[in-house]
Amino acid sequence: MSFFGFDPSGPPSSKSKDRKLETYDFEETYEGLGDQDEDAFNDETFGADTNEIGTNFDFSGGLKQPAQSQAVNPGLSYAKAAQVDQVVGPMASLWNDEAKPASAPSSQPVPEQKVLSLEEIEARLRQPQQQVPPVPQMPQMNPYMFQQQQQLLAAAMASGQFPNPAAAIQALSQGYVPSFQSGMMPFMPFQMQQMMQQGAMSQGFPNQPPQQPPAPQAAAAPQSQPAQPVQSAQPVQQAPSAPVQPEAPASQPAPKEIEKTSSPPQAPASAPAPVSRVTKTDAALSGDFPAFGSDEKPRRPRPQKQSLDSLSKDEKEKLWKRQHKVSAIIRCSGFMNPRDKDFVTRVQLSQIVTDDPYNEDFYCQVYKVLNSSVGEEDMNSIAQKYLDQSGHRLGGREKRADVALQRMQQQVSKAVTVAKERGERTGVLTREGALGKVSVSSGKQPRRQLVINSSEKSDEVVVPKENVYSKSSRAFQLSIIENIYSQILKLESLEREDQSRDSKDLWNALRLSDKIETSNTLVPPFISVLSIDKAMKVFNRLFHFLDSQQQIELIEIIFSNLQNIDVVMKGSYANYVESNYEIPEAEVKKIELFQLTVMKTLVLFVSESNFQQVLRFIAHIVENGSNNILFLTTTKIGLSLITILVSRLELIKQEYAGGLSAQDLAQWQTVYDHLFQALEGRLATIFPPYLSNDDSRKVRNSQSNSDDSYIWQFLASLSLAGQLSHQRIVVDEIRNEIFGSMGVSKALKESGDLQTADKHLTNLNLFLNVMGLKASDSDITEL
Amino acid sequence: MLFFSFFKTLVDQELKHHESTNKQLKNDVEIKGTLKSIDQYLNLKLDNISANTTKYPHLIAVRNLFIRGSNIRYIHINPSLVDTNLLQDASRREAMASSGDKIGGK
């Protein structure tokens, strides 16, 4: 039975020999594999044993017999066979066939080579150049050299000038360079080439191309050795092929055996030598080259150190420290080019900026406008802030900080442009038949993973939310309010941009012509929602956007439905007879909110309205009947509003008496008479029992200490508008309250609470002063 | 973006008013500090932090820190720093924008 083509019976020969191996268990197969010190290819990977590698890593030209692959021991299991490194030999297998014949003719003896560690090589390179370096060792070349050699070899072979790889290798070792069209290594990035070049230089290839005349620098070399200008193994970017490292390599004695190999010039090798090799000279390379393994950092210090040998120890130390510091700074510099930096900055900025701050950053934008005198944030301040926060000081010095800021401003505007161009790309993927859309999270929507398809077909008639809910439900009321809010937000947006606005949509959103059924009557929906907190809160903003005709209409509707507004209705003490007239705390809070929001707006409007207008308002209240008036006077809001209307009318009447027509005055008289008749005989009921000081009525509860001035203000305005007969009736009806209040004030004064006592008297005198009277804690006198 | 926008207004408030925000992480560590920076993932940078160092002594030497937003359970904010009405309007605007009824201007 075959399992993935694997023959479980093991190697065929083993079957007959050893049947035990047919059963594989863990112990036999993998035991000990992990215990082994070395991996199967450690040697090949790390080059510890160069003899085992074969010819392919030997580029010295000194080729030797590759190790013969072992015959597989038929008794081995597969797992055991895997431990034998020679079996597979991936690198060796690449050229094995060709390398083998080539190894025979190369009679060059491989010099006995000591294996050096990388550190040792570096250390040697840094040593004073007088020391004789060892023979360059090919297998120990730095990786770039390695790669370079292989690529060169491949290129040379590709050029078809060599009969076999061995010949090519040899040619290469003697300085042959395959001619590339541009003179550059086409398959390597520039930087790598540079590094390779440096590496090659410092490695000091002592190969002299046969047709190369000795470089002039060779003569300058003071050493007695035969001139041995070093040639870079590879002409990078048409670099001269006879570069001479001025100090170091010239002093090196040429290793004997390499000289030998270079002496018989290979005919094919010399032929394709590019012209540039000869003509280009060493001018470009006459500078000092850094040692292998040292890039920018040690390059400078070295010649300086050498030239400053005479310096004192202190100075050296100082210099060394400085060099160290500089090298620490530049060690990681240049990893990103300016384009990279721009890109990263733009990515970061694109998270910060938006072309639509008032939708995506509304809170922050408006909050800043509301809470600071500076005003809105423009792009320049974004750029400035980014610079400050990120710690970028691109300029370094102050004069260049401006440049940095300018650059950053450009970046910001670029980022905004990109954001605009990107437009409405939402990053939402829709799959056919999926319940929702898979959303790719972005900077703007970090967490949104699934967007549920709300409406499959857009051609369906969209039913407005207000019509979906039952008209008596709270959801319906809330949807009306939210609709109003939406309209207001739109209008406010237009207002901020100084554009013309139309209040029609908002007016329609109020749905004043609609009627809905509440518990006891039919009212416009807006009246029914006016007792919800957020509707009260929006009233002022809403009122602001209505034109004057709409404002008047709205207020008239409010006054004629005053008793139907929930917060007014529930604010009457008459509702709470059973609970000791205790108005629930929630209602008290709502009443306060109503006073702060809706009533404030109404009062402001009434205080600027003309006589006829105010008269019409109060007529709306009065025409609902005396029961209605009586009910309203038991509520704080109702009583306060009536007070305001009456006193406004009286104020206009007294100030502009001449400007009012007799008809207006007569109409006002009629309305007042209606009002007074409704209250006559029941005036005492305007005092909630918990605020009453009449011994026969008074009840004490938690609200007894609240302010009763609104009652006395109403009585004052009622008396002010009436004639003496009216005043007499009023005083008569509330006589008990007046004397009760005086008594309380006296008692408080005796108990030492002068402030509260004073307050009681002040409130009482609000009313009494209208009639020319003044109360003290003991008696009432004329003013 | 609403919460990002909201927290942006709390950055550096502390410097002026000596108020501070108080964070509770999902691993029950409570940290108090000045909000220095925030990003759209609600990652925070805090300065001048204080924590229960008897329980978490490894925080003794820490003056400022970066908290990944997903690790935060609660953030306690001084109520006076929050404009609730504005916050409501901002969420309404965002809801309008996402439902397609986007307000074009400011």
Side-chain angles (χ1 to χ4, degrees), chain A residues 348 350-352 354 356-372 376-377 385 388-390 424 426 441-448 451 454-455 458 462 465 481-499 501 533-534 537-538 540-541, chain B residues 1-17 19 34-47 64 66-72 77-106:
Chain A
Q348 290 175 336
S350 70
Q351 310 287 353
I352 298 173
T354 166
D356 194 9
Y358 273 83
N359 272 321
E360 289 173 357
D361 199 16
F362 184 79
Y363 183 86
C364 188
Q365 298 290 333
V366 178
Y367 190 91
K368 274 179 184 156
V369 174
L370 291 177
N371 291 287
S372 78
E376 313 177 26
E377 195 169 82
K385 204 164 183 192
D388 292 346
Q389 286 201 349
S390 65
E424 288 297 302
T426 50
S441 77
S442 67
K444 308 281 183 200
Q445 297 174 331
R447 277 300 287 236
R448 209 163 151 206
V451 185
S454 48
S455 56
S458 55
V462 180
K465 284 201 194 90
I481 298 172
E482 284 307 318
N483 199 12
I484 291 171
Y485 264 107
S486 300
Q487 299 299 336
I488 287 171
L489 286 173
K490 283 178 189 167
L491 288 169
E492 282 178 342
S493 165
L494 290 174
E495 190 181 35
R496 270 191 289 267
E497 294 196 321
D498 289 328
Q499 289 180 11
R501 19 179 224 281
D533 282 10
K534 59 180 176 180
K537 281 179 189 165
V538 84
N540 186 30
R541 292 161 72 187
Chain B
M1 293 299 273
L2 175 66
F3 286 96
F4 176 41
S5 183
F6 166 66
F7 278 111
K8 271 204 284 186
T9 64
L10 298 177
V11 170
D12 277 348
Q13 286 287 339
E14 297 74 12
L15 298 180
K16 267 188 251 165
H17 307 293
E19 282 134 353
T34 305
L35 181 65
K36 294 309 285 181
S37 176
I38 186 153
D39 67 8
Q40 70 268 34
Y41 304 102
L42 306 186
N43 301 327
L44 307 176
K45 232 162 88 179
L46 295 183
D47 204 359
N64 48 45
F66 177 90
I67 304 175
R68 190 184 151 94
S70 65
N71 288 329
I72 297 168
I77 304 161
N78 187 333
S80 67
L81 295 176
V82 187
D83 188 337
T84 47
N85 288 326
L86 185 58
L87 200 55
Q88 286 178 11
D89 279 0
S91 43
R92 282 194 183 98
R93 261 188 98 115
E94 206 151 276
M96 285 168 75
S98 65
S99 71
D101 191 14
K102 194 173 180 176
I103 295 176
K106 289 180 177 177

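Throughout, protein chains are lettered first and strands after them, A, B, ... in sequence-line order, and every chain is numbered starting at 1.
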Peer 1: Between A:Cys364 and B:Ser5, what is the shortest heavy-atom contact and its length?
Peer 2: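 Heavy atoms of A:Cys364 and B:Ser5 come nearest at N-OG, 2.9 Å.
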
Peer 1: Are any side-chain N or O atoms of A:Tyr363 and backbone N or O atoms of B:Lys8, one a donor and one an acceptor, separated by less than 3.5 Å?
Peer 2: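 No.
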
Peer 1: Taking atom CG of B:Leu87 and atom OH of A:Tyr367, what is their separation to the nearest 0.5 Å?
Peer 2: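 Between B:Leu87 CG and A:Tyr367 OH, I get 11.0 Å after rounding to 0.5 Å.
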
Peer 1: Of the backbone (N, CA, C, O) and the side chain (C-beta and beyond), which part of B:Asn85 lies under 4.5 Å from a heavy atom of chain A, both, or neither?
Peer 2: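 Answer is side chain: those atoms of B:Asn85 sit under 4.5 Å from chain A.
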
Peer 1: Show the nearest heavy-atom pair for residues A:Leu489 and B:Met96, with the distance to one decimal.
Peer 2: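 Smallest interatomic distance, heavy atoms only, reads CD1-SD, 4.0 Å.
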
Peer 1: With rounding to the nearest 0.5 angstrom, report the CD to CZ distance, A:Glu492 to B:Arg93.
Peer 2: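 CZ of B:Arg93 is found 9.0 Å from CD of A:Glu492.
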
Peer 1: After noting the C-alpha distance and the side-chain angles of B:Asp89 and A:Arg541, does the key distance pass the side-chain contact (heavy atoms from CB on, under 4.5 Å) rule?
Peer 2: CA-CA 12 Å; B:Asp89 279 0; A:Arg541 292 161 72 187; 2.5 Å; yes

